[in-house]
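Every value quoted in this text rests on a predicted model; they were computed, and no experiment measured them.
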Amino acid sequence: MKGLIIKDLINMSKSIKIVLALAVFYGVMAFSTENPSGFASIILLVLAMSMLSTYTYDEMANWDIYALTLPISRDNIIQAKYIFMIIISLLGFILNGLTLIWINWLTKASGVFDGLVYVAYGTAIVIWFYSIIIPVITKVGITKARLYIVLFYTIPFLSGTFIFKQIKKIQPEPPEGLVKFLEILIRNVDTIIPILTIVLLGISYYISVIIYRKKQF
């Protein structure tokens with residue numbers, strides 16, 4: 001298990017220069033605009049997206065065929081991917097949190113911990129993203145999955161925007177029930193997000209394991 005995670009870390013390190021370059025670029029922007037929370041969100045996303053490169057390297061090297069000859073189970077291979085994803089997400093949270101605190105201190109923000117909650121929300125969103133996409137990658141491979149990524153996140157956004165505009169034409173003011181529901185969500189967001197993250201992770205892992213157990217190479 002440890003070897004599988006180290007293998008992904010080595011693969012991911014090949015794109016570290018790009019991550020560092022973007023970190024410097026957005027760090028300068030955050031410092032000049034005094035908007036460190038924006039920097040934290042961007043870098044967390046870049047770091048998480050770089051995990052996709054590990055799947056690309058695996059596919060290019062036909063890693064799965066070789067891995068199945070090793071004394072590990074198919075479940076172990078999936079477990080390693082999810083553990084690696086969580087490690088990278090938490091590492092991104094720590095690095096971005098420390099950077100955010102540092103920038104807040106340099107820019108003399110009202111509080112050195114301002115915006116830290118948004119880094120936590122961003123980390124949860126990254127985990128949600130991978131909870132949705134890992135089963136797809138497991139099923140069709142990273143090459144085809146890139147198309148699904150675009151469809152999964154573009155179509156709902158465009159559809160939601162269109163539906164919202166149509167509803168607004170019919171009823172300019174949002175229904176009172178919807179407003180109250182959103183208020184409840186906002187008040188309990190700190191409880192809802194962790195629970196939703198755990199549930200999505202569990203469902204995603206279960207689906208990926210089932211797919212990988214049946215997959216033919």
Side-chain angles (χ1 to χ4, degrees), residues 1-9 11-12 15 19 41-61 63-65 67-68 70 72-96 117-160 185 188-217:
M1 179 73 73
K2 186 188 295 184
L4 295 175
I5 297 172
I6 292 174
K7 180 266 298 179
D8 282 336
L9 283 171
N11 283 337
M12 188 173 174
S15 60
V19 175
S41 301
I42 291 294
I43 296 305
L44 183 63
L45 181 60
V46 170
L47 185 64
M49 288 299 291
S50 64
M51 182 185 165
L52 289 177
S53 64
T54 65
Y55 284 97
T56 302
Y57 288 122
D58 284 353
E59 193 170 281
M60 290 171 60
W63 162 255
D64 292 285
I65 296 175
L68 292 176
L70 301 175
I72 54 176
S73 67
R74 293 191 176 216
D75 289 10
N76 290 150
I77 295 174
I78 296 299
Q79 288 165 11
K81 285 295 184 184
Y82 277 86
I83 292 173
F84 177 71
M85 180 264 287
I86 293 172
I87 289 173
I88 292 302
S89 298
L90 293 178
L91 180 62
F93 171 75
I94 293 170
L95 292 176
N96 278 283
V117 66
Y118 298 109
V119 179
Y121 293 161
T123 303
I125 291 172
V126 167
I127 294 175
W128 297 351
F129 168 81
Y130 273 106
S131 294
I132 294 172
I133 202 62
I134 287 179
V136 179
I137 296 175
T138 304
K139 178 67 176 179
V140 303
I142 185 61
T143 303
K144 293 181 180 179
R146 294 184 191 277
L147 174 60
Y148 287 101
I149 291 173
V150 175
L151 294 176
F152 283 162
Y153 294 96
T154 301
I155 293 178
F157 174 76
L158 294 177
S159 301
L185 288 181
N188 297 280
V189 66
D190 292 337
T191 302
I192 294 172
I193 288 180
I195 293 174
L196 182 58
T197 301
I198 293 171
V199 171
L200 280 177
L201 264 176
I203 294 173
S204 175
Y205 172 74
Y206 176 77
I207 294 173
S208 294
V209 166
I210 296 300
I211 292 172
Y212 203 73
R213 284 175 182 173
K214 298 179 180 179
K215 192 169 184 179
Q216 300 295 322
F217 296 98

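In this structure, CZ in F93 is found 10.5 Å from CD1 in I127, a value given to the nearest 0.5 Å. Taking CG from L4 and CG from L70, the interatomic distance works out to 7.5 Å, rounded to the nearest 0.5 Å. Taking OG1 from T123 and CG from L90, the interatomic distance works out to 7.5 Å, rounded to the nearest 0.5 Å. With rounding to the nearest 0.5 Å, the separation of CG in D190 from OH in Y121 is 4.0 Å. Atom CD1 of residue I125 and atom OG1 of residue T197 lie 9.5 Å apart, to the nearest 0.5 angstrom. Here CD1 of I193 is found 12.5 Å from CD1 of I198. Values are rounded to the nearest 0.5 Å.
Here the side chain of E59 pairs a donor or acceptor atom with the backbone of I142 at under 3.5 angstrom. For Y82 (side chain) and L201 (main-chain N/O), no donor-acceptor pair under 3.5 Å exists by modelled atom type.
The minimum heavy-atom distance linking V189 with P194 is given by the pair O-CD, 4.2 Å. Considering all non-hydrogen atoms of both residues, A145 and V140 come closest at N-CG2, 3.8 Å.
No side-chain heavy atom of Y205 sits less than 4.5 Å from a side-chain heavy atom of I134. Using a 4.5 Å heavy-atom cutoff, the side chains of W128 and L196 are in contact.
At least one test fails for K81 against the ring of Y130: distance under 6.0 Å to the centre or angle within 45° of the axis.
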Open item on the list: Please determine whether side-chain contact (heavy atoms from CB on, under 4.5 Å) holds for the pair S73 and N76, giving the CA-CA distance in whole Å, both sets of side-chain angles, and the decisive distance to 0.1 Å.
Closed with: CA-CA 5 Å; S73 67; N76 290 150; 3.1 Å; yes
Output side-chain donor-acceptor pairs under 3.5 Å for residues 209-217, partner residues at least two apart or in another chain, one line each.
{"unit_1": "Y212", "atom_1": "OH", "unit_2": "D64", "atom_2": "OD1", "d": "2.4"}
{"unit_1": "R213", "atom_1": "NE", "unit_2": "D75", "atom_2": "OD1", "d": "3.0"}
{"unit_1": "R213", "atom_1": "NH2", "unit_2": "D75", "atom_2": "OD2", "d": "2.7"}
{"unit_1": "K215", "atom_1": "NZ", "unit_2": "T138", "atom_2": "O", "d": "2.6"}

